[in-house]
Amino acid sequence: MRLDVVTIFPEYLDPLNVSLVGKARARGVLDVHVHDLREWTYDRHNTVDDTPYGGGPGMVMKTGPWGDALDEALADGYESGAHSPVLVVPTPSGRPFTQELAVELSAQPWLVFTPARYEGIDRRVIDEYATRVPVVEVSIGDYVLAGGEAAVLVITEAVARLLPGVLGNAESHRDDSFAPGAMANLLEGPVYTKPPEWRGRGIPDVLLSGHHGKIARWRRDQAFARTALNRPDLIERCEASAFDKKDREI
Ligand SMILES: COc1cc(COC(=O)c2cn[nH]c2)cc(-c2cccnc2)c1
């Protein structure tokens, strides 16, 4: 997968050089190109923003630099043999970022991220590129950040860990919360490891029983209880799928 990021804070994307994403880049599973938007400004102050038409607070990111930067990032990518880019725009008004969307994005060969600062990007930039490539506006949560770069790190990590060969055998996304299967739409339950006792606290007996059926049942019950506590909205979805299963069995 090729990733391009156009940003006024390229150093904000340095974490893409470490840990899971860093290893994926070193293995050639990910090819990341970070572009400094200010390289496509030609005034003394490297201006990337201006006051909003219609008045109001804050500033809006200008069309010019974005258009020149995206044209070059796309041209570079095509020249390097990449194809079918998807423009990913982090914004509070976007489609909620979920594991399902992470899976969808992980199937793409090329993602071009456009993290905005200020009040956002002049809408004409998105409208212009939407005539050439698919554009996905994505929200990582119901809050407002000063810029979309943190969202790029979140989206990139969730997507990269799903790419073949990125997670070692020791880690797996098979039992992820929200991954399809018995634990779908459930939050993860408690986990334990050695030592068997710590500060007077032991391990739930079932986990030491070696009875895999009971262990699976206990884990699902724990996940269900945790989900009911913190995300009751997911329970309907989960119960519905459980009902479907029973329904199918009849
Ligand atoms: C592209 O337009 C943007 C992008 C961002 C940065 O992304 C997020 O905040 C975000 C992404 N998922 N969840 C939050 C912020 C605004 C914005 C809106 C209103 C006032 N101030 C700023 C607009």
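Please read all numbers here as calculations on a predicted model, not as lab measurements. When a ligand or atom number is given, it counts from 1 through the structure's own listing order.
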Novice: Please list the nearest protein heavy atom to atom 23 (C) of ligand 1 with its residue and the distance rounded to 0.1 Å.
Specialist: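 Answer for atom 23 (C) of ligand 1: E119 O, 3.5 Å.
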
Novice: If you measure every N or O of I121 against every N or O of ligand 1, does any of those distances drop under 3.5 Å?
Specialist: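 No - when backbone and side-chain N and O of I121 are compared with those of ligand 1, no distance drops under 3.5 Å.
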
Novice: Among protein heavy atoms, which sits nearest to atom 12 (N) of ligand 1, and what does the distance come to when rounded to 0.1 Å?
Specialist: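 Looking only at protein heavy atoms, the one closest to atom 12 (N) of ligand 1 is I140 N, 3.0 Å.
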
Novice: Salt bridge check, R117 against E149: does any charged N sit closer than 4.0 Å to a carboxylate O?
Specialist: yes

Novice: Return the closest protein heavy atom for atom 21 (N) of ligand 1 as residue, atom name and distance.
Specialist: V144 CG1, 3.5 Å

Novice: Quick one: look up the protein heavy atom nearest atom 22 (C) of ligand 1 and list residue, atom name and how far away it is.
Specialist: Y118 O, 3.1 Å

Novice: Select the closest option to atom 8 (C) of ligand 1 among A150, A146, P92, judged by heavy-atom distance.
Specialist: P92

Novice: Hydrophobic side-chain clustering at under 4.5 Å (ILVMFWY, transitive links): who's grouped with L162? Put none if nobody.
Specialist: V103

Novice: Look at atom 4 (C) of ligand 1 and say which protein heavy atom is nearest, naming residue and atom and giving the distance to 0.1 Å.
Specialist: P90 O, 3.5 Å

Novice: Quick one: does G141 get an N or O within less than 3.5 Å of an N or O on ligand 1?
Specialist: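 Between G141 and ligand 1, an N or O pair is found under 3.5 Å apart.
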
Novice: With a 4.0 Å cut-off on N to O distance, would you call D122 and R124 a salt bridge?
Specialist: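 Counted as a salt bridge, because a side-chain N and a carboxylate O are separated by less than 4.0 Å.
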
Novice: How about R2: does its CZ atom have over 12 heavy atoms from other parts shown lying under 6.0 Å from it?
Specialist: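 Yes, CZ of R2 has more than 12 neighbouring heavy atoms, counting only those of other groups under 6.0 Å.
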
Novice: Give me the nearest non-hydrogen protein atom to atom 9 (O) of ligand 1 as residue plus atom name, then the distance to 0.1 Å.
Specialist: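 Looking only at protein heavy atoms, the one closest to atom 9 (O) of ligand 1 is L145 N, 2.7 Å.
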
Novice: Check ring-ring contact (aromatic ring centres under 6.0 Å, His included) between W110 and all other residues, then give those that pass, not counting sequence neighbours.
Specialist: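 Only Y78 meet the ring-ring contact (aromatic ring centres under 6.0 Å, His included) criterion with W110.
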
Novice: Any N/O of G120 closer than 3.5 Å to an N/O of ligand 1?
Specialist: no

Novice: Does the pair R123/E137 count as a salt bridge with the N-to-O cut at 4.0 Å?
Specialist: yes

Novice: I need the nearest protein heavy-atom contact for atom 14 (C) of ligand 1: residue, atom name and distance, please.
Specialist: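 Checking every protein heavy atom, the shortest distance to atom 14 (C) of ligand 1 gives Y143 O, 3.0 Å.
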
Novice: Determine whether more than 12 heavy atoms belonging to other residues, nucleotides or ligands lie under 6.0 Å from atom CD of E157.
Specialist: no

